[in-house]
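To start, the structure itself, in structure tokens.
Residue numbering restarts at 1 for every chain, and letters A, B, ... go by the order of the sequence lines. In this text the structure is predicted, and so the values were computed from the model without any measurement.
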2 protein chains.
Amino acid sequence: MTSRDTTLLLAAPITWADRLATPLAEIAPEFKVFVRDRDCYEPEAVDYVLGTGAAPGFLSTLPNLKLVFSLGAGVDGFLSDPYFPKQVPLVRFVDRNLSRAMTQYIVLQVLIHYRQQRLFDLAQAERKWEPMAPPRCTEETRIGILGLGEIGRKAGERLRDLDFDVAGWSRSRKALPGIESFAGADELKPFLSRTDILVCVLPLTPDTSGVLNQELFSVLPQDAFVINVARGGHLVERDLIESLDSGHLSGAALDVFAVEPLPKSSPLWTHPKVTITPHVAGVANPRAASLWVRDTVARYKSREPIANVVDFTRGY
Amino acid sequence: MTSRDTTLLLAAPITWADRLATPLAEIAPEFKVFVRDRDCYEPEAVDYVLGTGAAPGFLSTLPNLKLVFSLGAGVDGFLSDPYFPKQVPLVRFVDRNLSRAMTQYIVLQVLIHYRQQRLFDLAQAERKWEPMAPPRCTEETRIGILGLGEIGRKAGERLRDLDFDVAGWSRSRKALPGIESFAGADELKPFLSRTDILVCVLPLTPDTSGVLNQELFSVLPQDAFVINVARGGHLVERDLIESLDSGHLSGAALDVFAVEPLPKSSPLWTHPKVTITPHVAGVANPRAASLWVRDTVARYKSREPIANVVDFTRGY
């Protein structure tokens, strides 16, 4: 083996690939790096793929693929490929920077809603001095985190420390100090019916696709607020607009959409109860991602256990 | 002594006094309660005053006054009275609800700025999908808390837990895990020059009046952001506008103003870099305030020590 025997293919938009190239060259100079959408490479040479997803069938054209690195916490961009080579481990990037950024975003949107910042913005635009207290006190404002992975846990802890009443729902029960844990299908409705501000951080799987729909919204209390930072595929956008327009939901903050960029024709853009951000809640840090790839490849080569390998039956 | 021997005068706007009357009647039914601006009462009968401040000379007309309760953490509304009867202890309301509300407000305004929510709001209004990462990473974003009392400490801790680089400045040095402490006049400049987001939670005293001025702003790094949740008297509004317009400061979030309500003619209302809220960062909870008054009166009567008595030489 020579020092040039490791070939990494970047399966990400070119702007992303460019942001990765510099730290990768510095941190893992022994890697030969190609960008899928730009460079020429031999499919047989590719050892590793790093990216956000791949077109159906693409990965199966790489006969010597050893590992696939998902740059985001969500792996639906890879698992939506029916030809995904399941003998190849798919590894999720679970990163302090990423979960920190997601946590900040969640805390921000909860506080904008709870502290009525939108109303103050409108009042400011009209030079109106209109003091208002939050409609209910903090400890009676119930946050519900749908998905208690790394990000859901962190966000729940920070909101708990700000004195909100925080609960979470996940497949299996979790023990988190000060955060009530609901688990499994049977406890979804009790969880929703006690949730004033719902935060979706679920992985996108066939089970969770379209979970934010009319039926779920109807179980939330009157004036509930919805924050989706997971995937556009979780949300039935038409159902959300209906529940907002009927007056049942008081608002929503959305970072992810069924189609991204969100088409100009989408009624979400101008809905007075909706905050739109362009998929910015969490962005992987290129340097941290480079370190993770280098270290994981080293572990793979020395046959050590690798963290955050996706369970194909669970889908995350 | 009969059960009617305790007379409390509410020296607060009538709307505030009305919010206090119900919990006070329930929690301290033995108190005889009068509202200064509405009820007839004999000055000699007044044992205690509860309020946000008093006109110069007013308190000195109450010959049997035993304690003055300041409903807010800031006591400048009382201390600005040159005839304040200094033999009467002035007690500050230091309340979990109040410091919690202030902390939420500070975290909210820090995150709106750091996560560029205003730019996303503008982009949404134009249906523009423009992903942007924060200009610097969280751990290199330096928060500076001017004033490390109860509120400053709490806010610093929550921002530290969100992974910001937090420091605080106060008269005497504090030992707060993960928060760098700067102390005294000599360390103000070093503190300011390392501060990207300055949060003012100082008490308003002759020493701190007008502290947020051109000279201070000039020591902050280029593109610093200023949050004032203390008192309008801390800020020289004209200097702030100059530092924003020169491009040195990137923005400000203001909850308090030299004149409140902020006059319609103020240029702050429409300044594109300024967020205005109508003195809502922290509002005392009437029930918690009633419990505090009842318990403090009981301690006073049984000659037990009382917490949060204002030091007239320090002014807070």
Quiz prompt | Under 4.5 Å from any heavy atom of chain B - which part of A/Y105 | solution = both
Quiz item: Which of the residues B/P263, B/S266, B/P261 is involved in the greatest number of heavy-atom pairs with chain A at under 4.5 angstrom?
Solution: B/P261
Practice problem: Flag the one option from A/P278, A/P134, A/A123, A/A125 with the top tally of heavy-atom pairs under 4.5 Å to chain B. | Solution: A/P278
Quiz prompt | Per-residue contact mode, A/A101 against chain B (heavy atom under 4.5 angstrom) | solution = both
Practice problem: Under 4.5 Å heavy-atom distance to chain A, tell me which part of B/E157 shows up: side chain, backbone, both or neither. | Solution: neither
Quiz prompt | Per-residue contact mode, A/S99 against chain B (heavy atom under 4.5 angstrom) | solution = neither
Exercise. Provide the closest heavy-atom pair for A/R287 versus A/P23 in the form atom of the first, atom of the second, distance.
Key: CA-CB, 3.9 Å
Quiz item: Under a 4.5 Å cut-off applied to non-hydrogen side-chain atoms, are B/M132 and B/F120 in contact?
Solution: yes
Exercise. Could you look at A/Q109 and say if it's the side chain, the backbone, both or neither that has a heavy atom under 4.5 Å from chain B?
Key: side chain
Quiz item: Is there side-chain contact between A/L249 and A/F225, with at least one heavy-atom pair below 4.5 Å?
Solution: no
Quiz item: Side chain, backbone, both or neither: which part of A/Q124 has an atom under 4.5 Å from a heavy atom of chain B?
Solution: both
Practice problem: Using a cut-off of under 4.5 Å on heavy-atom pairs, state which of B/T103, B/I112, B/V274 scores highest against chain A. | Solution: B/I112
Quiz item: Given that the side chain runs from C-beta out, which part of A/N285 has a heavy atom under 4.5 Å from chain B: side chain, backbone, both or neither?
Solution: neither
Exercise. State, with a plain yes or no, whether a side-chain heavy atom of B/N228 is found less than 4.5 Å away from one of B/L240.
Key: no
Quiz item: Under 4.5 Å between any side-chain heavy atoms of B/W129 and A/E260, yes or no?
Solution: yes
Self-check item: A/E126, part contacting chain B, at a heavy-atom distance under 4.5 Å
Solution: backbone
Quiz prompt | Contact leader toward chain B among A/K264, A/R96, A/R100, A/R158, where contacts are heavy-atom pairs under 4.5 Å | solution = A/R100
Practice problem: For B/R136 and B/D196, run salt bridge (Lys or Arg N to Asp or Glu O under 4.0 Å): C-alpha distance rounded to whole Å, both residues' side-chain angles, the deciding distance at 0.1 Å, then the answer. | Solution: CA-CA 11 Å; B/R136 65 177 82 197; B/D196 300 307; 3.4 Å; yes
Quiz prompt | Steps toward side-chain contact (heavy atoms from CB on, under 4.5 Å) verdict (A/K128, A/E130) | solution = CA-CA 6 Å; A/K128 281 191 183 159; A/E130 290 183 339; 3.5 Å; yes
Quiz item: In terms of heavy-atom proximity below 4.5 Å to chain B, should A/T275 be classed as side chain, backbone, both, or neither?
Solution: both
Self-check item: A/R118 versus chain B, the contacting section by heavy-atom distance below 4.5 Å
Solution: side chain
Quiz item: Can you tell if the side chain of A/L198 reaches within under 4.5 Å of the side chain of A/I227, non-hydrogen atoms only?
Solution: no
Quiz item: With respect to chain A, which residue among B/L262, B/D163, B/T138, B/V110 yields the maximal number of heavy-atom pairs within a distance under 4.5 Å?
Solution: B/D163
Quiz item: If you count heavy-atom pairs under 4.5 Å between each of B/H279, B/Q117, B/K154 and chain A, which one has the most?
Solution: B/Q117
Self-check item: Stepwise salt bridge (Lys or Arg N to Asp or Glu O under 4.0 Å) test for B/D18 and B/R38
Solution: CA-CA 11 Å; B/D18 281 342; B/R38 184 176 59 199; 3.2 Å; yes
Quiz item: Does some side-chain heavy atom of A/I197 sit less than 4.5 Å from a side-chain heavy atom of A/R142?
Solution: no
